[in-house]
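This report refers to the structure that appears directly beneath it.
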Amino acid sequence: MIDTPRPPAPHRVLVVLGTRPEAVKLAPVVRAMVASPRFEPVVVTTGQHREMLEQMLTALEVVPDVRLDVMRERQDLHGLTSRLARELGAVVAGAPFDAAVVQGDTTTAYSGALAAFYEGIPVAHVEAGLRSGVATDPFPEELNRRLVARLARWHFAPTAPAAENLRREGVPVEDVEVTGNTVIDNLLWVVGRGLGTSAFPPARTGGGPRIVVTLHRRENQGDTMAALARTVADVADARDAEVVLPLHLSPAVRDAVLPVLGDHPRVRVTGPLDYLDFTATLADADLALTDSGGVQEEAPSLDVPVLVLRRTTERREAVDAGAAALVGTDPEEVRRYALDLLDDPGRLRRMASVANPFGDGRASARVLERLDRDLTP
Ligand code: UD1
Ligand code: UDP
């Protein structure tokens, strides 16, 4: 009797995620691994976010194997980092993982990469190579992503400029793979299954534009965020706009935004929307004002122009392509820029029609192909 050769054992891969954007961008990687006979993913959620993470996991059909619970109200970076180190350390200690996957630039991503590194588990960094060029902006994300680059074995860069940033830092080119951003994989998956329900009313209430606003960055919290909220009110009043603002659960964000916009007649402040409803709302808008990373990437795919309310961006591709503008955080500058744009329908249309520069929906497949190739003995 002839023995049939046994297929090689599947790769046991730890996937660490803890916040809303990590769930969005790792969901397609996890779904692809679950569907592949070559992978045995073990999904660990840190709970850096609690309700906002669970909401995403449900909508995106990701089922965690291990749920940690590190979130505290108004957590500071010291406490968060130390809880993550302790709890992730216990997950990886002595565990037989072939690789660990982290995404982006959160404290969960940095702590996950460090925990794996301490155990000699090779780290795959999804969305590698984004750089604003300023170590403290966004804070602490720019430093987190630079630190993960020092810890990673594989660098999955979403775009060629991101790969070039890594090359300039001395990362060997053979360790870098340009994949596209997994956010586009996820968005196409959602579009294919049908978006959720828009938070705008079904019929427009007047002739004014529809605007989606999200704000959350640490460096904008406090007076800057309160001033940006007042600018949103000014723009809404000046152009009779309908605004939807799905509010982040961070108390620091709520403290800045709610006193200004909580009762504004033209602004609908909602809780965080699940991914299906958020993308439906974004797709329904004429303009997005945001300090979010992910929204900068999704809006061009949904034909929505974006004004980035930050001093820097690590997503120059959207700005260079003409789909987004980096307007900063000066209230008068933001107000002027937004009003000028809303008064120029031709320019709005041109921004909306720019093709998304962030990927073709096959990023996760490329991540899996490369890992399978390198992990197969
Ligand atoms: C974190 C990430 C940031 C990412 C953002 C996405 C770090 C340092 N920051 O920032 O990179 O862009 O997530 O949204 O990794 N909270 C809840 N429930 C939740 C989530 C948060 O109550 O489901 C509250 C808690 O009081 C928590 C606070 O929000 O302490 C801040 O959460 P944290 O993850 O520390 O910071 P974010 O600003 O959300
Ligand atoms: N998002 C969502 N519901 C909301 C607001 C945002 O599903 O109410 C999604 C959004 O589509 C994007 C991600 O959350 O994919 C971005 O998260 P966030 O802005 O909190 O983080 P960042 O991308 O800035 O790190």
Side-chain angles (χ1 to χ4, degrees), residues 17-28 45-60 69-81 83-84 102-112 127 130 138-145 148 181-187 190 195-196 198-199 212-221 225 244-256 268-283 285 288 290-299 301-302 304 306 308-310 313-315 358:
L17 56 99
T19 63
R20 169 164 77 183
E22 292 166 276
V24 169
K25 291 172 173 179
L26 286 176
T45 57
T46 64
Q48 174 176 336
H49 283 174
R50 193 175 289 151
E51 304 85 346
M52 285 166 55
L53 178 67
E54 290 301 325
Q55 184 182 40
M56 289 296 126
L57 297 174
T58 307
L60 300 177
D69 186 21
V70 305
M71 197 194 90
R72 300 291 179 273
E73 200 183 326
R74 293 182 194 265
Q75 57 204 356
D76 65 28
L77 294 173
H78 308 291
L80 175 62
T81 309
R83 288 189 297 282
L84 285 165
V102 300
Q103 191 281 333
D105 51 23
T106 67
T107 300
T108 284
Y110 164 63
S111 304
E127 198 184 71
L130 274 59
F139 180 85
E141 291 82 8
E142 175 77 0
L143 194 71
N144 283 344
R145 52 172 94 105
V148 176
N181 198 309
T182 56
V183 78
I184 305 297
D185 305 20
N186 200 52
L187 195 56
V190 168
L195 297 177
S198 167
V212 169
V213 180
T214 80
L215 293 166
H216 75 83
R217 302 233 82 84
R218 267 173 204 256
E219 66 275 9
N220 282 349
Q221 288 168 7
M225 198 171 281
V244 169
L245 193 160
L247 195 58
H248 194 289
L249 290 181
S250 165
V253 174
R254 304 176 81 79
D255 288 351
R268 176 163 182 227
V269 179
T270 70
L273 300 174
D274 83 25
Y275 193 73
L276 309 185
D277 291 350
F278 181 73
T279 44
T281 306
L282 185 57
T290 190
D291 63 6
S292 163
V295 176
Q296 290 178 60
E297 294 156 340
E298 291 157 344
S301 283
L302 296 169
V304 181
V306 191
V308 181
L309 308 183
R310 293 174 40 184
T313 181
E314 54 291 305
R315 289 158 170 104
F358 292 110

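Remember, it's 1-based here, ligands and their atoms both numbered in the order they're listed. Not measured: the values here are computed from a predicted model.
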(message) Taking Leu80's backbone N and O only, do any of them form a donor-acceptor pair with Gln75's side chain (distance below 3.5 Å, no angle check)?
(response) no
(request) Flag the pair Pro140 / Leu77 as yes when at least one side-chain heavy-atom distance between them is below 4.5 Å, and no otherwise. (result) yes
(request) Report the part of Leu77 (side chain from C-beta onward, or backbone N, CA, C, O) that has a heavy atom under 4.0 Å from ligand 1; answer both or neither where that applies. (result) side chain
(message) Give me the nearest non-hydrogen protein atom to atom 9 (N) of ligand 1 as residue plus atom name, then the distance to 0.1 Å.
(response) Glu141 OE2, 3.4 Å
(request) Answer whether the closest heavy-atom distance between the side chains of Thr290 and Leu215 falls below 4.5 Å. (result) no
(request) Could you list which atoms of ligand 1 come closer than 4.0 Å to a heavy atom of Pro251? (result) 24 (C), 26 (O), 29 (O)
(message) One residue to check: Pro140. Relative to ligand 1, which of side chain, backbone, both or neither has a non-hydrogen atom less than 4.0 Å away?
(response) side chain
(request) For Ser292, take its heavy atoms, then give the atoms of ligand 2 lying under 4.0 Å from any of them. (result) 16 (C), 18 (P), 19 (O), 22 (P), 23 (O), 24 (O)
(message) Tell me if a side-chain donor or acceptor on Glu22 pairs with a main-chain N or O of Thr19 at a distance below 3.5 Å.
(response) yes
(message) Could you identify the single nearest non-hydrogen protein atom to atom 23 (O) of ligand 2 and state the distance to 0.1 Å?
(response) Gly294 N, 2.8 Å
(message) I'd like to check Phe278 versus Val295 (side-chain heavy atoms, cut-off strictly below 4.5 Å). Are they in contact?
(response) yes
(request) For atom 29 (O) of ligand 1, grab the closest protein heavy atom and report residue, atom and distance to one decimal in Å. (result) Ser250 CA, 3.1 Å
(request) Answer yes or no: is there a donor N or O on one side and an acceptor on the other, between the side chain of Thr281 and the main chain of Ala199, under 3.5 Å? (result) yes
(message) Do the side chains of Lys25 and Asp185 get close enough for a salt bridge, i.e. N-O under 4.0 angstrom?
(response) no
(message) Is it the case that ligand 1 has an N or O less than 3.5 angstrom from some N or O of Thr106?
(response) no
(message) Which residue and atom name correspond to the protein heavy atom nearest atom 22 (P) of ligand 2, and how close is it?
(response) Gly293 N, 3.6 Å
(message) Counting non-hydrogen protein atoms only, what is the nearest one to atom 25 (O) of ligand 2? Give residue, atom name and distance.
(response) Pro21 CG, 3.4 Å
(message) Could you tell me if the side chain of Leu247 sits less than 4.5 Å from the side chain of Thr270, heavy atoms only?
(response) no
(request) For ligand 2, indicate whether the residue Glu298 contacts it via side chain, backbone, both or neither (heavy-atom separation under 4.0 Å). (result) side chain
(request) Tell me which protein heavy atom sits closest to atom 1 (N) of ligand 2, plus the residue, atom name and distance to 0.1 Å. (result) Phe278 CD2, 3.7 Å
(message) Can you check which of Glu51, Arg72, Glu22 brings a heavy atom nearest to atom 25 (C) of ligand 1?
(response) Arg72
(message) Does the residue Arg217 have a heavy-atom contact with ligand 1, meaning some pair of atoms that are separated by less than 4.0 Å?
(response) yes
(request) Within a distance under 4.0 Å of any heavy atom of Pro272, pick out the atoms of ligand 2 and give their elements. (result) 8 (O)
(message) Could you identify the single nearest non-hydrogen protein atom to atom 20 (C) of ligand 1 and state the distance to 0.1 Å?
(response) His49 CD2, 3.4 Å
(message) Please list the nearest protein heavy atom to atom 5 (C) of ligand 1 with its residue and the distance rounded to 0.1 Å.
(response) His216 CE1, 3.6 Å
(message) If the cut-off is 4.0 Å to any non-hydrogen atom of Glu73, which atoms of ligand 1 fall inside it?
(response) 26 (O), 30 (O)
(request) For the residue pair Asp274 and Gln55, confirm or rule out a side-chain donor-acceptor distance under 3.5 Å. (result) no
(request) Report the relative orientation of the aromatic rings in His248 and His49; use parallel for angles under 30°, tilted for 30 to 60°, perpendicular for over 60°. (result) perpendicular
(request) May I ask you to check whether Ser292 and Thr214 show a side-chain donor-acceptor distance below 3.5 Å? (result) no
(request) Output, in order, the C-alpha distance, side-chain angles, deciding distance and verdict of salt bridge (Lys or Arg N to Asp or Glu O under 4.0 Å) for Arg145 and Glu142. (result) CA-CA 5 Å; Arg145 52 172 94 105; Glu142 175 77 0; 2.4 Å; yes
(message) Geometry only, no angles: is Lys25 polar-contacting ligand 2 at N/O separations under 3.5 Å?
(response) no
(message) List ligand 1 atoms under 4.0 Å from Met71, heavy atoms only on the residue side.
(response) 16 (N), 17 (C), 18 (N), 19 (C), 20 (C), 21 (C), 22 (O), 25 (C)
(request) Kindly determine whether Arg217 and Glu141 satisfy salt bridge (Lys or Arg N to Asp or Glu O under 4.0 Å), including the steps that lead there. (result) CA-CA 10 Å; Arg217 302 233 82 84; Glu141 291 82 8; 3.4 Å; yes
(message) Give me the nearest non-hydrogen protein atom to atom 34 (O) of ligand 1 as residue plus atom name, then the distance to 0.1 Å.
(response) Gln48 NE2, 3.0 Å
(message) With a 4.5 Å cut-off on side-chain heavy atoms, are Val253 and Asn220 touching?
(response) no
(message) Residue-level breakdown please: for Met52 versus ligand 2, do any non-hydrogen atoms fall below 4.0 Å on the side chain, on the backbone, on both, or on neither?
(response) neither
(request) Between Arg218 and ligand 1, find which residue part has any heavy-atom pair under 4.0 Å and reply side chain, backbone, both or neither. (result) side chain
(message) Side chain, backbone, both or neither: which applies to Tyr275 and ligand 2 if a contact is any heavy-atom pair less than 4.0 Å apart?
(response) both
(request) Give the residue, atom name and distance (to 0.1 Å) of the protein heavy atom nearest atom 5 (C) of ligand 2. (result) Arg20 NH1, 3.3 Å
(request) Have a look at ligand 1 and work out which part of Pro21, if any, has a heavy atom under 4.0 Å from it: side chain, backbone, both or neither. (result) side chain
(message) If we count only N and O atoms by modelled type, under 3.5 Å, do the side chains of Thr313 and Gln296 hold a donor and an acceptor together?
(response) yes
(request) Please determine, by modelled atom types, if Glu298 and Ser301 share a side-chain donor-acceptor pair under 3.5 angstrom. (result) no
(message) Within ligand 1, which atoms have a heavy atom of Thr107 less than 4.0 Å away?
(response) 7 (C), 8 (C), 15 (O)
(message) Return the closest protein heavy atom for atom 26 (O) of ligand 1 as residue, atom name and distance.
(response) Arg74 N, 3.0 Å
(request) Write out the residue and atom name of the closest protein heavy atom to atom 3 (N) of ligand 2, then the distance separating them to 0.1 Å. (result) Leu273 O, 2.7 Å
(request) Please work out which of His248, His216, Arg315 has its closest non-hydrogen atom nearest to atom 18 (P) of ligand 2. (result) His216
(request) Determine, using heavy atoms of Val24 and all atoms of ligand 2, whether some pair is separated by less than 4.0 Å. (result) yes
(message) Check contact between His248 and ligand 1, using heavy atoms of the residue and a distance below 4.0 angstrom.
(response) yes
(request) Would you please test Arg218 and Asp76 for salt bridge (Lys or Arg N to Asp or Glu O under 4.0 Å) and show each step? (result) CA-CA 11 Å; Arg218 267 173 204 256; Asp76 65 28; over 6 Å; no
(request) Compute whether any side-chain donor of one residue and acceptor of the other, for Glu127 and Thr182, lie under 3.5 angstrom apart. (result) no
(message) Between Arg268 (side chain only) and Val244 (backbone N and O only), is there a donor and an acceptor less than 3.5 Å apart?
(response) no
(message) Suppose I only count heavy atoms of Gln75 and a 4.0 Å limit; which atoms of ligand 1 are within that range?
(response) 27 (C), 30 (O), 32 (O), 33 (P), 34 (O), 35 (O)
(message) Could you tell me, atom by atom, which parts of ligand 2 come under 4.0 Å of a heavy atom of Met56?
(response) 2 (C), 7 (O)
(message) Looking only at the side chains, is there a donor atom on one of Gln48 and Thr108 sitting less than 3.5 Å from an acceptor on the other?
(response) yes
(message) Closer than 4.0 Å to some heavy atom of Pro246 - which atoms of ligand 2 meet that?
(response) 8 (O)
